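Start at 1 and go down the list; that is how both ligands and their atoms are numbered. Being a predicted model, the structure only gives us computed values, none of them experimental. Just the heavy atoms: all of them, side chains too, but no hydrogens, waters or symmetry mates, feed the values below.
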Amino acid sequence: ERGGYPHFMLKEIFEQPTTVENTMRGRLILEEGFSKLGGLNIPKEELLAVDNIIITACGTSWHSALIGEMMIEELCRIPVEVEYASEFRYRNPIVTPRTLCIVISQSGETADTLAAMREAKRRGARTLGLVNVVGSTIAREDDGGIYLHAGPEIGVASTKAFTSQVVALALFTLKLARLRDMSVERGRELAQALAKLPEQIQSILDRAGEIEEVAEEFKRASNFLYLGRGYNFPAALEGALKLKEISYIHAEGYPAAEMKHGPIALIDEMMPVVCIAPHDSVFDKITSNIQEVKARKGKIIAITTRDEPSLAGKLDYEFRVPETVDLLTPILASIPLQLLAYYIAVKRGCNVDQPRNLAKSVTVE
Ligand code: M6R
């Protein structure tokens, strides 16, 4: 049932070219630069009347929510608030009839997320579920939804559900932006970038062996930092969470520029620092952060997309991912980070599919 893979987690990581494709199937209209989302269940007028969006989720799903926030704000110009589901209910949130509450959950059964959705509904918001498990409680109770179609995710560490969540958020953003004021050309550009993802993910997976070597080098570390900016700040949080939950190594994700406000004090030659640095709009900024880390002798593991002369000799390890539009970069960056966490955990003898103290779905509040 693990399809020849030693663990479900590895199988699920390797399924991503297909699962990402499945999330887009029948939904992406390349020629029109548009997306069709049959389950949304919101009349166009009502969708256009939405003036604020709240996205609520837990764990990995909360990380995809942060990426969604950036996408929607950038392309649709609607204010978005991301809330931990467990916090949402207890702080008298501002919800109006023009609030759309997007709820993200792989399982569709997470107690905190379900409770947050019920609370949003009670306060008059329209709810939209991004759920993987068909027929789950959240999927049954939301007003409309976008199923992820990633197939069953068995490993406790969420991998393929995360990339599908980000794809679903991009499809939603595309639809809303095109209904508002995004041009056909820009719509096509995003649609084409989405369509290329499966093959790009496959090209990363084909080089998994390179990541296994990095894992061998750092498997004994007791701390890790993950840095990213813009769309890849949430990818840094997600990379750190993956490592923590399956290898029990302490790891933190930070927006790269926050280093100098405290955490840089942690850096010495024992500290591996994973820097997510694709050639996007904040690339120049992150290269200077990399130099700050290197000056303190931190060990740099960089995820990049091109040669960069200013970084020559500064990177201890470099892993290249293909280029894409800024908002999709966290999808490609997260694949090597999933692999890194996986290989380190396996090399440390950890039970990757069922880490200690964790359950696949957290049905207690
Ligand atoms: O099923 P959900 O997406 O609602 O689950 C939310 C979190 O419990 C989940 O993402 C958790 O953080 C994973 N173990 C992360 O890998």
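In this structure, R77 CZ and M182 CE are separated by 11.5 Å, a value rounded to the nearest 0.5 Å.
Remark: among candidates V156, V131, D112, L130, the nearest residue to atom 13 (C) of ligand 1 is V156, based on non-hydrogen atoms.
Looking at K242 against ligand 1, only its side chain comes within 4.0 Å, counting heavy atoms. Residue E245 touches ligand 1 through its side chain alone, judged by heavy-atom distances below 4.0 Å.
Nearest protein heavy-atom contact of atom 8 (O) of ligand 1 is V362 CG2, 4.1 Å. With respect to atom 7 (C) of ligand 1, the closest heavy atom belonging to the protein is C58 O, 3.7 Å. With respect to atom 10 (O) of ligand 1, the closest heavy atom belonging to the protein is T60 N, 3.1 Å. Looking at atom 5 (O) of ligand 1, its nearest protein heavy atom turns out to be T110 OG1, 3.5 Å.
Within the structure, the closest approach of A157 to ligand 1 falls below 4.0 Å when heavy atoms are considered.
Side-chain contacts under 4.5 Å among hydrophobic residues (ILVMFWY), followed directly or transitively, place V95 together with I54, F88.
Between D181 and R186 there is no salt bridge, since no side-chain nitrogen of the basic residue lies less than 4.0 Å from a carboxylate oxygen of the acidic one. Between E83 and R91, at least one side-chain nitrogen of the basic residue sits less than 4.0 Å from a carboxylate oxygen of the acidic one, meeting the salt-bridge criterion.
Ring-plane geometry between F218 and F224 is classed as perpendicular, the angle between the planes exceeding 60 degrees on a 0 to 90 degree scale with a lower cut at 30.
For ligand 1, the atoms sitting less than 4.0 Å from at least one non-hydrogen atom of S105 are 1 (O), 2 (P), 3 (O), 4 (O), numbered in the order shown with element in parentheses. Under a 4.0 Å criterion applied to the non-hydrogen atoms of Q106, ligand 1 contributes the atoms 1 (O), 2 (P), 3 (O), 4 (O). Atoms of ligand 1 found under 4.0 Å from any heavy atom of S107 (numbered from 1 in listed order, with element): 1 (O), 2 (P), 4 (O).
Here the side chain of K294 pairs a donor or acceptor atom with the backbone of G298 at under 3.5 angstrom.
Taking the ring axis of Y248 as reference, the NZ or CZ atom of R348 does not stay both within 45° of it and closer than 6.0 Å to the ring centre.
A side-chain donor-acceptor contact under 3.5 Å links T60 and E238. Between Y231 and E74, the side chains place a donor N or O and an acceptor N or O closer than 3.5 Å (distance only, hydrogens not considered).
Considering backbone and side-chain atoms alike, S158 places an N or O below 3.5 Å from some N or O of ligand 1. For ligand 1, one of its N or O atoms has an N or O atom of S61 under 3.5 Å away.
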